[in-house]
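Report on the structure given below.
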Amino acid sequence: MRKGFKIDLHLHSRAESPCSSHSAESMAEAAVKWGLDAIAFTNHNRYADGERIKSLRRKFPKLKIYNGVEVSIGDEHFLCFGPCDPALENWLFGYEELLQRVRSKGGFIALAHPYRFGSGVPCSLEKPTHAIEVHSMNTGRDDEEAIRSLAERTGAKLL
């Protein structure tokens, strides 16, 4: 029996994000092929189309498919999950306000690809995020120790 839950919480689809060359359907197919239990679309400052998500859920009933959004605050990005909140698509405020908004709606927030531009994390994590992404295409293997240390200092879970 397999232990754990395999999920990718940081996917962009070409329909909503210029940084992706893959369709949402091809990513769902790949997730099934690789044995993932769930995926989440977290396009930059934009939710995936709700009807497309529903269609994918019907086509891939064994794969859990979630809709989130990647919010940019300066050079830092945060993966936000919970009820779709249109205000997050055009976020103009700071980190503490984002954290408060997401938490007030029963949501979940994760710092995406920390240390991708250097050795610091520009945002204030005095009020820690729920989680921190350990691996992504924008995070090098050399960053893992610093990411794990940041999570330990802030009490965040690792993704």
Side-chain angles (χ1 to χ4, degrees), residues 2-13 16-17 19-20 22 24 27-28 30-32 34-48 50 53 56-57 60 63-159:
R2 189 182 93 194
K3 291 183 179 183
F5 189 74
K6 292 170 58 177
I7 182 170
D8 189 336
L9 290 173
H10 192 171
L11 295 175
H12 303 299
S13 63
E16 286 98 5
S17 184
C19 66
S20 178
H22 301 285
M27 286 188 278
V32 170
W34 288 99
L36 295 183
D37 298 295
I39 57 175
F41 291 97
T42 51
N43 295 300
H44 292 277
N45 305 309
R46 186 173 176 196
Y47 288 98
I53 296 292
L56 288 170
R57 287 174 179 157
F60 301 95
L63 181 67
K64 300 285 185 203
I65 302 174
Y66 301 102
N67 201 359
V69 63
E70 184 171 351
V71 174
S72 302
I73 299 175
D75 286 339
E76 290 302 326
H77 296 173
F78 296 89
L79 307 176
C80 301
F81 304 97
C84 287
D85 181 355
L88 300 183
E89 292 184 306
N90 297 299
W91 193 253
L92 300 174
F93 305 100
Y95 168 72
E96 288 191 24
E97 294 86 357
L98 176 66
L99 185 61
Q100 181 180 1
R101 175 118 186 166
V102 171
R103 283 183 172 168
S104 74
K105 297 193 174 284
F108 174 89
I109 186 170
L111 175 62
H113 40 63
Y115 303 114
R116 68 188 171 137
F117 294 128
S119 62
V121 177
C123 71
S124 166
L125 289 177
E126 292 170 12
K127 293 185 177 181
T129 183
H130 293 105
I132 300 173
E133 184 178 48
V134 178
H135 298 286
S136 81
M137 293 180 67
N138 292 314
T139 307
R141 288 195 190 275
D142 296 343
D143 298 321
E144 184 173 344
E145 186 177 330
I147 293 168
R148 289 183 181 280
S149 177
L150 177 63
E152 189 174 317
R153 284 192 317 273
T154 63
K157 303 288 185 197
L158 291 169
L159 298 179

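Owing to the predicted nature of the structure, the values given are computational and were not obtained by experimental measurement.
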- Task: Begin with the C-alpha distance, continue with both residues' side-chain angles, and end with the deciding distance and a verdict on side-chain contact (heavy atoms from CB on, under 4.5 Å) for K64 and D37.
- Result: CA-CA 6 Å; K64 300 285 185 203; D37 298 295; 6.0 Å; no
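- T42 approaches L79 most closely through the heavy-atom pair OG1-CD2, 3.7 Å.
- For the side chain to side chain donor-acceptor pair (under 3.5 Å) test with H113, the passing option among E133, E76, E70, H135 is E70; the others fail.
- Taking CG of D143 as the reference point, atom CG of L150 lies at 11.5 Å (rounded to 0.5 Å).
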- Applying side-chain contact (heavy atoms from CB on, under 4.5 Å), run through Y47 and L88 and close with a yes or a no. CA-CA 9 Å; Y47 288 98; L88 300 183; 3.6 Å; yes
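- The local environment of CD in Q100 is sparse, with at most 12 non-hydrogen atoms from other residues, nucleotides or ligands closer than 6.0 Å.
- Taking CZ of F108 as the start and CG of L9 as the end, the distance is 7.0 Å to the nearest 0.5 Å.
- S104 is linked by a side chain to side chain donor-acceptor pair (under 3.5 Å) to nothing, counting only residues two or more places apart in sequence or in another chain.
- Side chain of N45 to backbone of S72: a donor-acceptor contact under 3.5 angstrom is found.
- Annotation for L111 and F78: closest pair CD1-CE2, 3.6 Å, computed over non-hydrogen atoms.
- Screening residues 79-88 for side chain to side chain donor-acceptor pair (under 3.5 Å), with sequence neighbours left out, gives D85-R101.
- Qualifying ring-ring contact (aromatic ring centres under 6.0 Å, His included) partners for F93, counting only residues two or more places apart in sequence or in other chains: W91.
- Considering every non-hydrogen atom in both F81 and G68, the closest pair reads CD2-CA, 4.0 Å.
- From L98, atom CG reaches atom CD1 of I73 across 4.5 Å, with rounding to the nearest 0.5 Å.
- Taking the six-membered ring for Trp and thresholds of 30 and 60 degrees, H77 and H44 have ring planes more than 60 degrees apart, a perpendicular arrangement.
- When all heavy atoms of Y66 and A38 are compared, the closest pair comes out as CE1-CB, 3.8 Å.
- Of all heavy-atom pairs spanning M27 and F41, the tightest one is CE-CE2, 3.6 Å.
- Using a distance-only test at 3.5 Å, with no hydrogens or angles considered, a donor-acceptor pair links the side chain of H130 to the main chain of I109.
- Taking every heavy atom of both residues into account, I53 and N67 meet most closely at CG1-ND2, 3.9 Å.
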- Task: Would you please test L63 and L56 for side-chain contact (heavy atoms from CB on, under 4.5 Å) and show each step?
- Result: CA-CA 9 Å; L63 181 67; L56 288 170; over 6 Å; no
- Query: Does the pair T154 and I132 meet the rule for a side-chain contact (heavy atoms from CB on, under 4.5 Å), with working shown?
  - Reply: CA-CA 10 Å; T154 63; I132 300 173; 4.1 Å; yes
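- With values rounded to the nearest 0.5 angstrom, S13 atom OG is found 8.5 Å from R46 atom CZ.
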